[in-house]
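Working notes, beginning with the structure itself.
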Protein chains: 2
Amino acid sequence: MLAEVEKIENFLKQRQIKLTEERKLIIDEMLASQRHFGPEELWEHLRQKGKRVSRATVYRTLELLIEGGLVKKVCLGEHCFRYEHILGRKNHSHMVCLKCGALIEFLDEAIDERQKLLSQQQGFEVLSRCFQIFGYCKNCTQ
Amino acid sequence: MLAEVEKIENFLKQRQIKLTEERKLIIDEMLASQRHFGPEELWEHLRQKGKRVSRATVYRTLELLIEGGLVKKVCLGEHCFRYEHILGRKNHSHMVCLKCGALIEFLDEAIDERQKLLSQQQGFEVLSRCFQIFGYCKNCTQ
DNA sequence: CACTTATTGATAATCGTTCTCATATTGTGA
DNA sequence: TCACAATATGAGAACGATTATCAATAAGTG
Ligand SMILES: [Mn+2]
Ligand SMILES: [Mn+2]
Ligand SMILES: [Zn+2]
Ligand SMILES: [Zn+2]
């Protein structure tokens, strides 16, 4: 956790970005709370702790952290986006339960390699990937 | 194309769904135009041909066709959704060029199998998948 | 043809996200 | 330490794609 905060602060310093109170609050909350979260959710958590920041600042900060490669935005269906920090985590994908909302993370060497091969064949330079599987989780099919 | 129209009309008849002028227009336009399209785009094309339907009807009809498994909605980044008809087409994924917007379709047995295996391991019942690769196409990296 | 039921159009509402801009804070270098 | 330029913030307006509303209209059955 300390290493993570440090990595983030280094990123901010490298560019002409100021480490404000609000950004600290948002980053701390992100690292402390559950893995996948929405901006509104994070904002509400802070608010409940008496830490009031603007919704706009939450969005702006998350965007900043994405630019720095510290946070990833995941599309979980129609109009549902979640964020998660990816400090020290391997690139992974998600299975999304359409009933209970459960998220199952997965990663697979074989898929990664096939995917790499396919894009090379097309002369396609990969920047990011987005792979979701929608359906019902174990609990919800029983 | 005829077979496709027929398949769609069969789907409509099977349920208590009426084959209205507007729905015919939308389906014809979809089959006649390019593969991936947005609702607004389809609406505009019809309008330019003097065929006026409500935007709402375009959305409603596409939704209907998705239910019938005749159309698929593809998420191409943040707030960009496209539709495509999947009549007689294998399930495929897309590489999306972030510069020129090009779409490269791909499908791969190996990935499908790994994915199937992974979801089985989790006891996860798959309903749909969504796999996109973002980056730069051949033309845009040169 | 008549009648029931589904569908349409126009536009208001929604909702997550971004924009605006006056005010406040940060970090620098004197 | 202090002053100052550069950045960042908050509050709420604006946005834009999609969905909801509901009175008027059309489809299809028999
Ligand atoms: Mn995850
Ligand atoms: Mn396609
Ligand atoms: Zn579930
Ligand atoms: Zn391109």
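All values reported here derive from a predicted model rather than from experimental measurement. Within every chain, numbering begins at 1; the chains are lettered A, B, ... in the order of the sequence lines, protein sequences first and strands thereafter.
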Distance test, side-chain N/O of Arg23(A) to OP1/OP2 of dT9(D), below 4.0 Å: yes
Under 4.0 angstrom between Tyr59(B) side-chain N/O and dT18(D) OP1 or OP2: yes
Under 4.0 angstrom between Thr57(A) side-chain N/O and dA8(D) OP1 or OP2: no
Short side-chain N/O contact to dT17(C) OP1/OP2 from Arg55(A), under 4.0 Å: no
Per Glu22(B) side chain, nearest of listed nucleotides dT5(C), dT20(C), dG9(C): dG9(C)
Pairwise side-chain contact, Glu84(B) with Arg89(B), heavy-atom cut-off 4.5 Å (strictly under): yes
Touch class at under 4.0 angstrom, heavy-atom based, for Gln16(B) against every strand present: sugar-phosphate
Any side-chain donor near an acceptor of the partner, Lys99(A) and Asn139(A), under 3.5 Å: no
Any Lys73(A) side-chain heavy atom under 4.5 Å of Leu62(A) side chain: no
Along DNA chain C (nearest heavy atom to each residue), the more 5'-positioned of Thr20(A) and Pro39(A): Pro39(A)
Touch class at under 4.0 angstrom, heavy-atom based, for Arg52(B) against every strand present: sugar-phosphate
Ala56(A) side-chain proximity, nearest of dA6(D), dA10(C), dA11(D): dA11(D)
